[in-house]
Amino acid sequence: MGAMHGWALTVDQRRSRMSEDLVPALQRVLAELPVLDDTGATPARPPRWDLPAERTAGDEVQAFTTDPGTLVAAVWAVCGQKLWWCGVGLGAVRTPLPGSTREAAGSAYIAARVAVEEAKKAINGVSVEVAEAPAPRLVQVLDVLAEVVGSLTSAELDVCDLYDRGMARPAIAGRLGISAPAVSKRLTTRRWEFLRRTRALAVDLAAEALSERTAQDQALSERTVSKSTGRGD
């Protein structure tokens, strides 16, 4: 049995007792995310979930990905809805992976569980926990990301989503049933470029954090093997 490193996502619906069940809609959103890589190139690609989003308990959803772009797109979408507490855990998950995220185990899931509880006390509704090793720049950039997307209106997010998918302004106007000038009023191209660069930076730092975390575990594993075989210092 081995392990792979990545991000477990634990998302819990806010005020679930006073509103309808939003889990099925969130699962669809996470399955169809427009993902921008660190280059910010468009049109965006589909997400890469190693374990797709599933309901795990009540109004809670969990998923797992080793893809930095998918992580950032998911945090962007979840925090943009302003309906969820979002916990992100960076760590290991036991392999081979099970057929369901409900059956997965490892430090990433433990960290995500801690993170979602911390998210309920956070201003932006998101928290990041890194198992056994700090990643301060990733924590900071995802907090900034949540602040930025939380400042956008649903109308602005609709336009941003279609820009991400590579649609031109006239096509966006037709899809939303508004005029082309109204598209620019909701979200100018310049503003979208800023939002795109912000997410591209987050993807880059997420990739860096994952690489560092994987390298640390590999070094620890090599020291353990060396000691067990008598080749240590």
Side-chain angles (χ1 to χ4, degrees), residues 1-12 26-27 30-31 33 35 37-38 46-57 60-79 84-120 122 126-143 145-146 202-229 231-232:
M1 180 176 292
M4 68 165 55
H5 295 83
W7 294 274
L9 197 69
T10 298
V11 181
D12 195 15
L26 179 64
Q27 288 178 281
L30 293 177
L33 291 171
V35 176
D37 287 318
D38 55 355
R48 298 170 186 157
W49 292 108
D50 296 87
L51 292 172
E54 292 184 66
R55 185 195 300 270
T56 49
E60 182 183 272
V61 171
Q62 284 190 319
F64 177 76
T65 183
T66 56
D67 177 46
T70 297
L71 167 73
V72 171
V75 171
W76 178 266
V78 170
C79 292
W84 307 89
W85 308 116
C86 181
V88 177
L90 171 57
V93 173
R94 294 174 191 165
T95 57
L97 291 178
S100 166
T101 193
R102 292 189 297 269
E103 300 169 5
S107 60
Y109 278 88
I110 295 171
R113 171 62 56 199
V114 173
V116 77
E117 293 304 318
E118 289 299 316
K120 296 174 183 178
V126 64
S127 180
V128 183
E129 292 289 330
V130 182
E132 301 170 5
R137 295 208 296 170
L138 174 62
V139 173
Q140 291 167 357
V141 77
L142 290 185
D143 188 55
L145 198 75
V203 173
D204 187 49
L205 293 180
E208 178 184 278
L210 179 60
S211 178
E212 291 175 353
R213 184 70 177 82
T214 303
Q216 288 170 353
D217 268 22
Q218 287 176 340
L220 177 61
S221 178
E222 289 171 1
R223 288 197 297 270
T224 301
V225 170
S226 179
K227 289 180 180 179
S228 67
T229 57
R231 295 197 298 268

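Side chains included, hydrogens not; waters and symmetry mates left out as well; all remaining heavy atoms used. Start at 1 with the first residue, then count along the sequence.
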Handout entry: Polar contact flag, side-chain donor to acceptor under 3.5 angstrom, Tyr109-Thr10
Key = no
Practice task
Identify the heavy atoms of Leu51 and Ala104 that sit nearest to each other, and give their distance.
Solution key: CD1-CB, 3.7 Å
Problem - Side chain to side chain, Val75 and Val88, heavy atoms closer than 4.5 Å - result: yes
Fill in the blank from the handout: The reported gap from CZ in Arg55 to CD in Gln27 (rounded to nearest 0.5 angstrom) is 6.5 Å
Handout entry: Nearest-0.5 Å distance, CG of residue Leu90 to NE2 of residue His5
Key = 8.0 Å
Handout entry: Pairwise distance CG(Leu71) to CG(Leu138) - rounded to 0.5 angstrom
Key = 7.0 Å
Problem - Those residues that, when tested against Glu103, pass salt bridge (Lys or Arg N to Asp or Glu O under 4.0 Å) (two or more places apart) - result: none
Handout entry: Partners meeting side-chain hydrogen bond (donor to acceptor under 3.5 Å, both in side chains) with Trp85 (sequence neighbours left out)
Key = none
Handout entry: salt bridge (Lys or Arg N to Asp or Glu O under 4.0 Å) partners for Arg113, two or more places apart
Key = Glu60
Problem - CD-OG distance between Gln62 and Ser100, expressed to the nearest 0.5 angstrom - result: 9.5 Å
Exercise for the section: Name all residues meeting the side-chain hydrogen bond (donor to acceptor under 3.5 Å, both in side chains) criterion together with Glu208; count only those two or more places apart in sequence or in a different chain, and write none if there are none. Expected result: Arg137
Practice task
Give every residue pair that meets the salt bridge (charged side-chain N to carboxylate O under 4.0 Å, His left out) criterion with at least one member in residues 68-77, sequence neighbours excluded.
Solution key: none
Exercise for the section: Quick one: do Leu9 and Phe64 satisfy side-chain contact (heavy atoms from CB on, under 4.5 Å)? Show the steps, please. Expected result: CA-CA 6 Å; Leu9 197 69; Phe64 177 76; over 6 Å; no
Exercise for the section: Report the distance from atom OG1 of Thr65 to atom CZ of Arg48, rounding to the nearest 0.5 Å. Expected result: 9.0 Å
Handout entry: Distance (rounded to the nearest 0.5 Å) between Trp7 CH2 and Leu210 CG
Key = 4.0 Å
Practice task
Test side-chain contact (heavy atoms from CB on, under 4.5 Å) on Val78 and Leu30 and set out the steps.
Solution key: CA-CA 8 Å; Val78 170; Leu30 293 177; 4.2 Å; yes
Exercise for the section: For Asp12, check salt bridge (Lys or Arg N to Asp or Glu O under 4.0 Å) against everything at least two apart and list the hits. Expected result: Lys120
